[in-house]
Protein chains: 2
Amino acid sequence: MQQTATPRVEDIAQYMQELGRQARVASAALRRVDSGRKNAALEAIAARLDGARPALAAANRDDLARGRENGLSDALLDRLALTPDRIDAMILGVRQVAALADPVGQIDGLSYRPSGIQVGQMRVPLGVVGIIYESRPNVTVEAASLCLKSGNACILRGGSEAASSNATIAECIGHGLADAGLPAATVQIVATTDRAAVGELITMPQFVDVIVPRGGKSLIARVAGEATVPVIKHLDGVCHVYIDASADLDKAVAIADNAKTQRYSPCNTMETLLVHADIAGQVLPRVAAIYRDKNVEMRGCPRTREWVDDALAATPEDWATEYLAPIVSIRVVDDFDQAVDHINTHGSQHTDAIVTENLTLARRFLGEVDSSSVIVNASTRFADGFEYGLGAEIGISTNKLHARGPVGLEGLTTRKYVVFGDGHVRS
Amino acid sequence: MQQTATPRVEDIAQYMQELGRQARVASAALRRVDSGRKNAALEAIAARLDGARPALAAANRDDLARGRENGLSDALLDRLALTPDRIDAMILGVRQVAALADPVGQIDGLSYRPSGIQVGQMRVPLGVVGIIYESRPNVTVEAASLCLKSGNACILRGGSEAASSNATIAECIGHGLADAGLPAATVQIVATTDRAAVGELITMPQFVDVIVPRGGKSLIARVAGEATVPVIKHLDGVCHVYIDASADLDKAVAIADNAKTQRYSPCNTMETLLVHADIAGQVLPRVAAIYRDKNVEMRGCPRTREWVDDALAATPEDWATEYLAPIVSIRVVDDFDQAVDHINTHGSQHTDAIVTENLTLARRFLGEVDSSSVIVNASTRFADGFEYGLGAEIGISTNKLHARGPVGLEGLTTRKYVVFGDGHVRS
C-alpha cells in the first residue's frame with residue numbers, strides 16, 4: 001500500500017500515470033507470488049486491522065463529524081460508520097478471502113490435438129484493477145483483498161467522506177503487505193479527492209485493465225460513459241418475479257414476499273411482480289395483504305387493481321424503475337410469452353425469477369430471459385456472491401462480455417491458452 | 001438474410017438503427033431455435049452456395065474487373081478472388097461449423113448451496129454481433145455460420161471491393177435461412193459502402209453486443225478507437241520465440257525456422273527471435289543459414305551480429321514491429337528474466353514461445369509471460385482456432401476480458417447464472 005502526498009490539481013494526470021506505472025510493475029511481480037504468500041499477506045492485513053481498532057475508530061469519528069458538519073444524510077452517515085461489529089466483519093472478510101481457493105494458474109481442458117500438441121487454458125490475473133467507490137470504507141478492505149488474492153494490483157479511489165477512515169485502513173494494508181514482503185504498490189490509494197483523478201484512472205488502458213465502479217447509478221453511468229478501460233458494472237436492478245398459472249400458490253406467495261420485502265435497498269430486490277391472469281385472483285389478494293401489512297406501496301396495472309383496490313395506478317415509467325424502497329409495481333399478464341417479453345423489454349438484465357411447477361416453462365424461462373441471473377422457484381434475493389458460493393463479490397455485472405452476474409475472484413482473472421509440444425512445428 | 005435498397009447518405013444512421021432493431025428481434029427468436037434447426041439452416045446455406053457456383057463466379061469476376069480498373073494490388077486481388085477451390089472450402093467450412101458441438105445451453109458447475117438452492121452457469125448467445133471486414137468475400141460465409149451456430153444474429157459489413165460477391169453470397173444465405181424457416185434478419189448485410197455505416201454500427205450498444213473487426217491494423221485501430229460497443233480484437237502480432245540455454249538444439253532450430261518461415265503473413269508468425277547468450281554460438285549460425293537460404297532478412301543486436309555477420313543492425317523500432325514479411329529481428333539475451341522482460345515490454349500479448357528442456361523455466365514462462373497464447377517447445381504458428389480444436393475462428397483476441405486467444409463459437413457466447421429452488425426464500 002502506497003500513499004504519496006496529495007498532488008496539486010495541475011499535476012493530477014502525471015500523478016495518476018505514476019500510480020499506473022507502479023501498479024504495472026507490482027502486477028508483474030505478483031505473477032511470481034504463490035498462493036501461500038498471498039494468503040500470508042491477507043492474514044497480516046487482518047492482524048494489522050485487528051491491532052488498529054482504536055485508530056480506526058478515531059479516524060472514523062473524524063469522518064462522521066465532518067460528514068455531520070457537511071450535512072450528510074442519515075443514510076450516508078450510516079454507510080460511513082465503522083462500528084466495532086463492522087470492523088469485526090471487515091477483518092473476518094479478509095480471512096474469508098484468504099480461505100477461498102486461488103483461481104490463478106488453474107489449467108482447464110488440457111488435451112492433445114491431432115498435430116500432437118497439447119492445448120489448455122490457464123487462469124491468470126487481469127493485471128491492474130481500478131476500483132471507484134463511495135462512502136463505505138469497508139469496501140477498501142474488501143476490494144484490496146479480492147484483488148490481492150486474484151493476483152491483481154489495484155488502485156482504489158474511495159469517497160472523500162471516508163478519507164480519514166480509508167487512510168487508516170490503507171496504513172494497515174500497507175503494513176500487512178510489507179510484513180509479507182509484497183510490493184507496496186500492490187494496493188494503492190488515490191491520495192486526492194479531486195474528481196479529475198477519476199477521469200484519469202478510467203482513461204489509462206496502458207496501465208489499468210478493468211474498472212469496477214461501486215456506488216450509485218450516477219457514479220456508474222458517469223464512469224461507464226467516459227471510460228476507455230473496460231468497466232465491470234450494472235446500472236439498474238429492475239428485477240422481476242413472474243408467477244405462472246402453473247405455480248404452487250404457497251411458494252409463489254413466499255417468493256413474492258421475500259423478493260420484495262426481505263430488504264428494500266439491494267439491487268437484486270424485486271421491483272415488478274408479474275402474475276398470470278388465470279391465477280391472479282388467487283395470488284394477488286394474499287400477496288397484497290402481506291405488502292399492506294409491511295407498508296409496501298403497490299402500483300398496479302388495471303387488472304391488478306381489480307383485485308387490489310388500494311393499489312395506485314402504475315405508469316409506464318413504473319415498469320422501468322428501480323425503487324430501492326418499499327414500493328412494488330404489479331402487472332397481470334395474459335401468458336408466459338407476455339411475461340418474458342415484459343422482462344426482456346423493461347428489465348435491466350439483472351435477476352429475474354419464475355414460479356412454476358411446469359418443467360417446460362421453467363426450461364423456456366432459463367433460455368429466453370436474457371438476464372445475468374435467471375431463477376426458478378426461488379427468491380431474486382439469492383443473486384449474490386456469497387449465496388452463489390463465490391465468496392465475497394467485487395460487484396454484480398450485467399455486461400454480456402466477461403463476467404456476468406455476481407463477480408468474485410474468478411471474474412478478476414482471465415484465461416490464456418497454454419500449449420505444450422516436444423519440438424512440434426506446423427506443416 | 002436481408003438486403004434492402006442502398007440508403008441515401010443522409011439516412012445512414014436511421015438505416016443502421018433499423019438493421020439493429022431487426023437484429024434484436026431475430027436474436028430473441030434465435031433463443032428459441034434448437035441445435036437441429038440451426039444445423040439444418042447451415043446445411044441449407046451450404047446447398048444454396050453449392051447450387052450458385054456459376055452466379056458466384058460471375059459476381060466475383062465483376063468484383064475482380066472493377067478491382068483491376070481501380071488499381072488494386074495483386075495481393076488484394078488475390079484475396080478477393082473466389083476460385084473453385086475457395087468456393088469448395090467455403091462450403092466445406094459451413095458444414096464443418098454445422099458439425100461442431102453447440103455451446104448454447106450448456107450448464108456447468110450446477111451444485112447445491114447451503115441454503116438449498118442449486119446454482120450453475122449456462123452458456124447463452126451474446127445477442128447481436130457486428131462484423132467489419134475487408135476484401136475476402138469468404139469471411140461473409142464464415143462469420144455468418146459461426147454467429148448462426150452460436151445463436152447470434154449478425155450484421156456484416158464487408159469491403160466495397162467485394163460488393164458483388166458478397167451480394168450473391170448474401171442471397172444464398174438468405175435462401176438457406178428461409179429454407180430452414182429462420183428469420184431473414186438472422187444475418188443482415190449492410191447494403192451501403194459508405195464509411196459512415198461503420199461509425200453507426202460500432203456506436204449502437206442498444207442493438208449490438210460486440211464488434212469483431214477483421215482486417216488490417218488501421219481498420220482495427222479505427223474501430224477500437226471509436227467504438228462504444230465492446231470490440232473483440234488484436235492489433236499486432238509481435239510474436240517471440242525464446243531459445244533458452246536449456247533448449248534441445250534441434251527442436252530450437254526447427255521451431256525458429258517454422259515459426260518464421262512457414263508463412264510470413266499470419267499474425268502468429270514469429271517476428272523476434274530471442275536467444276540465451278550461452279547457446280547463441282550453437283543456435284545462431286544454424287538458424288541464420290536457414291534464414292539466408294530462404295531469403296529472410298535478419299536484423300540483429302550487436303551480440304547477434306558477432307555470430308551472423310550479414311545481419312543488419314536492429315533498431316529499437318524493430319523490437320516492436322510486426323513485419324508480416326521475410327524479415328526477422330534477433331536479440332541475444334543474458335538470461336531467462338531478460339527474455340521475459342523483453343517479451344512483456346515489446347510484445348503485443350499475442351503468442352510467445354519458449355524452447356527449453358527445463359521444467360521450472362517452462363512453468364515460469366507460462367506464468368510470467370502475459371500473452372493470449374503461451375507455448376512451450378512448439379511453433380507459434382499453432383495459435384489458431386483449428387489447431388486448438390475450436391473449429392473455425394471468428395478472430396484472435398488479445399483483449400484481457402472475455403475471449404483471449406483464438407475466438408471460436410464459445411467466444412461468441414456468454415454465461416449467465418441459473419438457479420433452481422423449490423420455493424426457497426432468503427433469510
Q: Considering heavy atoms only, which positions within residues 251-267 of chain B lie below 4.5 Å of chain A?
A: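 Residues of residues 251-267 of chain B touching chain A at under 4.5 Å: B/K251, B/A254, B/I255, B/N258, B/Q262.
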Q: Using heavy-atom distances under 4.5 Å, tell me whether A/L390 contacts chain B through its side chain, its backbone, both, or neither.
A: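 The side chain, not the backbone.
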Q: By a 4.5 Å heavy-atom criterion (distance strictly below it), what part of A/V210 contacts chain B: side chain, backbone, both, or neither?
A: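 For A/V210, side-chain heavy atoms alone lie under 4.5 Å from chain B.
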Q: Quick one: sort the B/Y388 and A/Y417 rings into parallel, tilted or perpendicular, breaks at 30° and 60°.
A: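 The arrangement is tilted - the two ring planes meet at 30° to 60°.
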Q: Using a cut-off of 6.0 Å, state whether more than 12 heavy atoms not belonging to B/R21 lie near its atom CZ.
A: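 Yes - once you tally the heavy atoms of other residues, nucleotides and ligands closer than 6.0 Å, there are more than 12.
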Q: With respect to chain A, which residue among B/Q118, B/R364, B/M122, B/E387 yields the maximal number of heavy-atom pairs within a distance under 4.5 Å?
A: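 Top option by heavy-atom pairs under 4.5 Å: B/E387.
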Q: Is A/I375 close to chain B through its backbone or its side chain, or both, or neither, when contacts mean heavy atoms under 4.5 Å?
A: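 Both parts, backbone and side chain.
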Q: Please classify the contact between B/S397 and chain A as side chain, backbone, both or neither, with a heavy-atom cut-off of under 4.5 Å.
A: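 For B/S397, no heavy atom lies under 4.5 Å from chain A.
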Q: Could you note down all residue pairs passing salt bridge (Lys or Arg N to Asp or Glu O under 4.0 Å) where residues 371-386 of chain B supplies at least one of them, sequence neighbours left out?
A: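 Of all non-adjacent pairs touching residues 371-386 of chain B, those that pass salt bridge (Lys or Arg N to Asp or Glu O under 4.0 Å) are A/R426-B/D384.
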Q: B/V419 versus chain A, heavy atoms under 4.5 Å apart: side chain, backbone, both or neither?
A: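 Backbone plus side chain of B/V419, per the 4.5 Å heavy-atom cut-off to chain A.
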Q: Could you walk me through whether A/N344 and B/R24 satisfy the side chain to side chain contact (heavy atoms under 4.5 Å, CB included) test, starting with their C-alpha distance in whole Å, then the side-chain angles of each, then the deciding distance to 0.1 Å, before giving a yes or no?
A: CA-CA 11 Å; A/N344 286 338; B/R24 271 276 174 260; over 6 Å; no
Q: Looking at chain B, which one of A/D341, A/V119, A/V374, A/T414 has the largest number of heavy-atom pairs inside 4.5 Å, strictly under?
A: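 It is A/V374.
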Q: By a 4.5 Å heavy-atom criterion (distance strictly below it), what part of A/D248 contacts chain B: side chain, backbone, both, or neither?
A: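 Contact with chain B is absent: no heavy atom of A/D248 under 4.5 Å.
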Q: If we define contacts as heavy-atom pairs under 4.5 Å, which of A/D422, A/V340, A/D209 has the most with chain B?
A: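 Option with the top pair count is A/D422.
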Q: Report the option among B/A403, B/G120, B/G411, B/S371 that has the most heavy-atom pairs separated by less than 4.5 Å from atoms of chain A.
A: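 Option with the top pair count is B/S371.
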Q: Could you tell me if the side chain of A/V128 sits less than 4.5 Å from the side chain of B/K400, heavy atoms only?
A: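 The answer is no; the side chains never approach within 4.5 Å.
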Q: Minimum heavy-atom separation for A/A378 and B/G421, please, with both atom names.
A: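 Smallest interatomic distance, heavy atoms only, reads CB-CA, 4.1 Å.
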Q: Where on A/V376 is there a heavy atom nearer than 4.5 Å to chain B: the side chain, the backbone, both, or neither?
A: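 For A/V376, the contact with chain B is made by backbone and side chain together.
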Q: Please examine the side chains of A/Q121 and B/R404, heavy atoms only from C-beta on, and report whether any two atoms are closer than 4.5 Å.
A: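 SC-SC contact between B/R404 and A/Q121 ruled out.
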Q: Identify which part of A/Y112 has an atom lying under 4.5 Å from any heavy atom of chain B, answering side chain, backbone, both or neither.
A: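 The answer is neither part of A/Y112.
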Q: Between B/I117 and chain A, with a heavy-atom cut-off of 4.5 Å, which part of the residue counts as in contact: side chain, backbone, both or neither?
A: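 When you check distances to chain A, only side chain atoms of B/I117 fall under 4.5 Å.
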Q: Which heavy atom of A/K416 sits nearest to which heavy atom of B/L366, and what is that distance?
A: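 Shortest heavy-atom separation between A/K416 and B/L366 comes out as NZ-O, 2.6 Å.
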Q: Heavy-atom distances under 4.5 Å only: say whether A/D250 touches chain B with side chain, backbone, both or neither.
A: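 Neither; nothing under 4.5 Å.
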Q: Mind checking which of residues 348-361 of chain B sit less than 4.5 Å from chain A, heavy atom to heavy atom?
A: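 When heavy atoms of chain A are the reference, residues 348-361 of chain B contributes no residue within the under-4.5 Å range.
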Q: A/S372 versus chain B, heavy atoms under 4.5 Å apart: side chain, backbone, both or neither?
A: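 It is the backbone, since no side chain atom gets that close.
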Q: With sequence neighbours excluded, give me every salt bridge (Lys or Arg N to Asp or Glu O under 4.0 Å) pair touching residues 104-121 of chain A.
A: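 Counting only pairs at least two positions apart or across chains, the salt bridge (Lys or Arg N to Asp or Glu O under 4.0 Å) contacts touching residues 104-121 of chain A are A/D108-A/R415.
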Q: Can you say whether A/S427 sits under 4.5 Å from chain B via the side chain, the backbone, both, or neither, judging by heavy atoms?
A: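 For A/S427, the backbone is the part near chain B, not the side chain.
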Q: Could you tell me whether the side chain of A/R31 reaches within less than 4.5 Å of the side chain of B/D370, counting heavy atoms only?
A: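 In short, these two side chains touch, coming nearer than 4.5 Å.
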Q: With a 4.5 angstrom heavy-atom cut-off, which part of A/P406 approaches chain B: side chain, backbone, both or neither?
A: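 Looking at A/P406, backbone and side chain both touch chain B.
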Q: Do B/L401 and A/L126 have side-chain heavy atoms sitting under 4.5 Å apart?
A: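 When only atoms from C-beta onward are counted, A/L126 and B/L401 do touch, with a gap below 4.5 Å.
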Q: Please flag which part of A/S111 lies under 4.5 Å from any non-hydrogen atom of chain B: side chain, backbone, both or neither.
A: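 No part of A/S111 comes within 4.5 Å of chain B.
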